[in-house]
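What you see is a predicted model, and the numbers here were worked out from it, not measured in a lab.
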Amino acid sequence: MTKHGKKYEAAEKQIPAEAVAPIEAMKLLKEISTANFDETVTGDFRLGIDTRQADQQLRGTVSLPNGSGKTVRVAVFAEGEAARAAEEAGADIVGTDILMEQIQAGEFNFDAAVATPDQMGKVGRLGKILGPRGLMPNPKLGTVTNDVAKAINELKGGRVEYRADRYGIAHVILGKVSFTAEQLAQNYGAVYDEILRMKPAAAKGKYVKSITVSGTMTPGVPVDSSVTRAYTEGAE
C-alpha cells in the first residue's frame with residue numbers, strides 16, 4: 001500500500017465525496033497544490049470502451065486554447081524546401097541521416113517528431129526505438145505531413161495527444177497549476193469536447209464513466225461529467 005506524506009493526506013481530506021463542476025475542480029486543485037514546482041495538471045477520463053477491440057480504440061490530438069505550459073522541442077525529418085520551412089517555423093532539430101544516427105545512438109533531444117511523407121521510408125526503420133517512446137511520426141496525429149510549419153506551430157502552441165489505455169482510461173495534459181482556474185477549465189473543455197466527438201461508434205452503454213483531474217503531486221479531484229458546457233461556470 002502506498003504511503004503518502006502529511007501534505008498529501010491533508011489535501012485528500014479536502015476532496016469532496018461528490019463530483020464537482022470543472023471550474024470548481026480547478027479551483028480546488030490549485031488550493032491543494034503545495035509542491036515547490038509548477039505541477040502539471042492531468043485529466044483522467046475513464047471511458048466505457050474496450051480498447052482490446054480494434055473498433056473501440058481511441059487516439060488523437062487536441063489543441064489546448066491556453067497551451068499546455070510545456071516547452072516542446074520538435075525534431076523534423078525533412079530535406080530541401082521542407083527542411084528550410086521547418087527551420088523557419090522554429091524546429092529545434094532538422095535533418096535525416098544525421099538525425100537518425102543520433103537517435104540510434106540513444107540521443108533524444110526532442111519531445112515530438114514530425115516527418116514529411118517522403119522520409120517515412122527511412123524513419124520507419126526507427127519504429128522500434130521511437131514507437132515505445134511515443135515519438136514515432138503518425139499521419140493520424142498530423143505529424144506526417146508536407147505542411148511541417150503547421151505541425152510545428154501546433155505542437156509548440158499547445159497541441160497534446162490523448163490515447164485510451166488498456167483499461168479505457170485516457171490520460172491528457174491540461175496545463176500547469178500556475179494557470180488560472182478559468183484557463184484550466186477552458187483547456188479541460190477542449191479535451192472533453194474532443195473525446196465526446198471521437199466516441200467510437202462501437203462503444204456501448206455509458207461512454208464517459210468518470211473524470212478526475214490532478215496535479216503531479218496532488219490527489220485526484222472528481223469532475224462532474226454531466227457538465228457538458230459552460231466549463232468555466234459552476235453549473236451548466
Side-chain angles (χ1 to χ4, degrees), residues 8 11-12 14-16 18-49 51 58-74 111-112 134-135 141-143 151 153-165 167-199 207-236:
Y8 186 96
E12 276 190 315
Q14 299 182 57
I15 305 300
E18 300 295 326
V20 297
I23 186 65
E24 297 304 326
M26 300 310 175
K27 288 178 180 177
L28 179 56
L29 196 60
K30 289 174 65 65
E31 289 176 9
I32 64 176
S33 173
T34 59
N36 58 3
F37 63 91
D38 195 4
E39 298 181 60
T40 296
V41 176
T42 304
D44 298 321
F45 297 77
R46 189 165 70 89
L47 308 173
I49 57 177
T51 54
L58 183 75
R59 184 182 185 185
T61 61
V62 57
S63 293
L64 302 179
N66 299 298
S68 66
K70 180 181 179 181
T71 299
V72 180
R73 300 168 299 172
V74 181
D111 307 297
L135 296 173
L141 301 179
T143 48
N153 290 331
E154 289 182 346
L155 287 167
K156 286 183 172 289
R159 190 175 76 179
V160 296
E161 182 178 346
Y162 60 87
R163 183 176 188 175
D165 62 19
Y167 303 108
I169 302 174
H171 311 277
V172 194
I173 291 174
L174 301 177
K176 294 287 187 178
V177 167
S178 60
F179 286 16
T180 65
E182 288 75 17
Q183 289 175 322
L184 288 171
Q186 287 167 357
N187 282 357
Y188 162 89
V191 173
Y192 185 74
D193 286 346
E194 172 68 8
I195 287 178
L196 287 184
R197 186 180 71 83
M198 294 299 290
K199 176 184 177 181
Y207 179 49
V208 181
K209 292 188 172 183
S210 67
I211 305 171
T212 303
V213 295
S214 60
T216 308
M217 304 293 287
T218 75
V221 179
V223 182
D224 185 353
S225 61
S226 70
V227 179
T228 57
R229 284 294 181 270
Y231 303 109
T232 58
E233 297 177 9
E236 288 187 271

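Side chain of Tyr162 to main chain of Leu58: no donor-acceptor pair is present (N/O by atom type, distance under 3.5 Å, no hydrogens or angles). Panel note: side chain Asn66, backbone Gln183; a donor-acceptor pair is recorded below 3.5 Å.
In plain terms, the two heavy atoms of Ala151 and Gly142 that are nearest each other are CB-O, 3.7 Å. Across every non-hydrogen atom of Ser214 and Pro219, the tightest pair is CB-O, 3.8 Å. For Gly220 against Ile15, the heavy-atom pair with the smallest separation is O-CG2, 3.6 Å. For the pair Ala190 and Val62, the tightest heavy-atom approach, listed with the atom from each and the gap, is O-CG2, 3.8 Å. Of all non-hydrogen atoms in Ala164 and Thr51, the two that sit nearest each other are CB-CG2, 3.8 Å.
Partner Met26 forms a side-chain contact (heavy atoms from CB on, under 4.5 Å) with one of Val177, Leu174, Asn187 and no other, that one being Leu174.
The closest side-chain heavy-atom distance from Pro22 to Tyr192 is not below 4.5 Å. Looking only at side-chain heavy atoms (C-beta outward), Tyr207 and Ile49 come within less than 4.5 Å of each other. The side-chain heavy atoms of Leu47 and Ile169, taken from C-beta on, include no pair separated by under 4.5 Å. Annotation: side chain of Ile211 is in contact with side chain of Tyr188 (closest heavy-atom distance under 4.5 Å).
Residues passing the side chain to side chain contact (heavy atoms under 4.5 Å, CB included) test with Thr34, sequence neighbours excluded: Lys7. Looking at residues two or more places apart in sequence or on another chain, you find a side chain to side chain contact (heavy atoms under 4.5 Å, CB included) between Arg59 and Asn138, Leu141, Glu161, Arg163. In this view, Ile173 and Thr40, Ser68, Val160 satisfy the side chain to side chain contact (heavy atoms under 4.5 Å, CB included) rule, not counting sequence neighbours. Every residue two or more places apart in sequence or in another chain was checked for a salt bridge (charged side-chain N to carboxylate O under 4.0 Å, His left out) with Glu39, and none qualifies. With sequence neighbours left out, the side chain to side chain donor-acceptor pair (under 3.5 Å) criterion links Lys27 to no other residue. With sequence neighbours left out, Ser63 forms a side chain to side chain donor-acceptor pair (under 3.5 Å) with no residue at all. For Thr61, there are no side chain to side chain donor-acceptor pair (under 3.5 Å) partners two or more places apart in sequence or in a different chain. Residues forming a side chain to side chain contact (heavy atoms under 4.5 Å, CB included) with Ala25 (at least two apart in sequence, or on another chain): Val20, Val213, Val221, Val223. Annotation: salt bridge (charged side-chain N to carboxylate O under 4.0 Å, His left out) contacts of Lys30 (sequence neighbours excluded): none. Residues forming a side chain to side chain donor-acceptor pair (under 3.5 Å) with Ser210 (at least two apart in sequence, or on another chain): Arg46.
From Gln14, atom CD reaches atom CD of Glu12 across 11.0 Å, with rounding to the nearest 0.5 Å. Note that CD1 of Ile195 and CZ of Phe45 are 4.5 Å apart. Values are rounded to the nearest 0.5 Å. Taking CG from Leu64 and NZ from Lys70, the interatomic distance works out to 12.0 Å, rounded to the nearest 0.5 Å. Between atom CD of residue Glu31 and atom OG1 of residue Thr218 there is a gap of 12.0 Å, rounded to the nearest 0.5 Å.
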**Report entry** Derivation and outcome, side chain to side chain contact (heavy atoms under 4.5 Å, CB included), residues Tyr8 and Ile32
**Finding:** CA-CA 8 Å; Tyr8 186 96; Ile32 64 176; over 6 Å; no

Query raised in the report: When you look at Leu155 and Arg73, which way does the side chain to side chain contact (heavy atoms under 4.5 Å, CB included) test go after all the steps?
Result: CA-CA 9 Å; Leu155 287 167; Arg73 300 168 299 172; over 6 Å; no

Requested in this report: For Leu184 and Ile23, run side chain to side chain contact (heavy atoms under 4.5 Å, CB included): C-alpha distance rounded to whole Å, both residues' side-chain angles, the deciding distance at 0.1 Å, then the answer.
Outcome: CA-CA 8 Å; Leu184 288 171; Ile23 186 65; over 6 Å; no

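No hydrogens or angles considered: nothing links the side chains of Thr212 and Asp44 as a donor-acceptor pair under 3.5 Å.
Residue pairs satisfying the salt bridge (charged side-chain N to carboxylate O under 4.0 Å, His left out) criterion with at least one member in residues 174-189, sequence neighbours excluded, are absent.
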